[in-house]
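Note that the structure is predicted; figures quoted are calculated from it, not measured.
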Amino acid sequence: QVQLVESGGGLVQAGDSLRLSCSASGFTFSIFGMGWFRQPPGKEREFVGHITRSGLSTYYADSVKGRFTISRDNAKKTVYLQMSSLKPEETAVYFCAAGGSANLYSKTWDYDYWGQGTQVTVSS
């Protein structure tokens, strides 16, 4: 069955870096765009970034541009989210999702499959 498994979350200090991974199985990874979302405590899930299926194009929320980088390895069926200069307000559960396209990628309903999420806590 389809599985997306995030890993790499944890407790870090403000200003630190962290890399999340999302391992996919059960579907043809290389034909899906991949997105990252996050859900802070008590808030709605929000878009972080998207990478097209080829990996040639990426799109980011304004709040993370220049600090976060998404990449993918289609051979390993894995997508990554490299985060730097983390802020306490970026404490959230981070989710990866499969789907979206170069034109539609910032809404949760643009995606077909979701992982369970990994907790990232940024202390001040």
Do [X] and [Y] sit in the same hydrophobic cluster, where Ile, Leu, Val, Met, Phe, Trp and Tyr count as joined when their side-chain heavy atoms come under 4.5 Å apart?
X: Val2; Y: Met34; answer: yes
X: Trp109; Y: Leu4; answer: no
X: Phe47; Y: Trp114; answer: yes
X: Val93; Y: Val12; answer: no
X: Leu56; Y: Ile31; answer: no

Give a yes or no on whether the backbone of [Y] and the side-chain of [X] come within a donor-acceptor separation of less than 3.5 Å.
X: Glu6; Y: Cys22; answer: no
X: Asp110; Y: Tyr105; answer: yes
X: Asn74; Y: Arg53; answer: yes
X: Arg67; Y: Ser85; answer: yes
X: Arg72; Y: Phe29; answer: yes
X: Thr118; Y: Tyr94; answer: no

**OP:** Can you label the angle between the Phe37 ring and the Tyr111 ring as parallel, tilted or perpendicular, going by 30° and 60°?
**Re:** perpendicular
**OP:** Take the angle between the ring planes of Phe32 and Phe27 and call it parallel below 30°, perpendicular above 60°, tilted in between.
**Re:** perpendicular
Does any part of the side chain of [Y], heavy atoms only, come nearer than 4.5 Å to the side chain of [X], both counted from C-beta?
X: Val79; Y: Ile70; result: yes
X: Thr52; Y: Tyr59; result: yes
X: Pro40; Y: Glu89; result: no
X: Leu18; Y: Glu90; result: no
X: Met83; Y: Val120; result: yes

Original post:
With a cut-off of 6.0 Å (strictly less than), are more than 12 heavy atoms of other residues, nucleotides or ligands near CD of Gln116?
Top reply: no
Subject >> CA sep, side-chain torsions, deciding dist, call: Gln82, Ser17, side chain to side chain contact (heavy atoms under 4.5 Å, CB included) >> reply: CA-CA 7 Å; Gln82 177 69 48; Ser17 297; 4.0 Å; yes
Original post:
Does the separation of the ring centres of Tyr60 and Phe68 fall below 6.0 angstrom?
Top reply: no
Nearest heavy-atom neighbours spanning [X] and [Y]:
X: Ser23; Y: Thr78; result: CA-OG1, 4.1 Å
X: Arg38; Y: Ala92; result: CB-CB, 3.8 Å
X: Ser124; Y: Ala14; result: CA-CB, 4.4 Å

**OP:** In sequence, state the C-alpha distance, the side-chain angles, and the governing distance for Gln119 and Thr91, and then conclude on side chain to side chain contact (heavy atoms under 4.5 Å, CB included).
**Re:** CA-CA 8 Å; Gln119 176 70 46; Thr91 292; 3.9 Å; yes
Subject >> Separation of Ser57 OG from His50 NE2 (nearest 0.5 Å) >> reply: 8.5 Å
**OP:** Test Tyr80 against Thr69 for side chain to side chain contact (heavy atoms under 4.5 Å, CB included), laying out the working first.
**Re:** CA-CA 8 Å; Tyr80 306 96; Thr69 301; over 6 Å; no
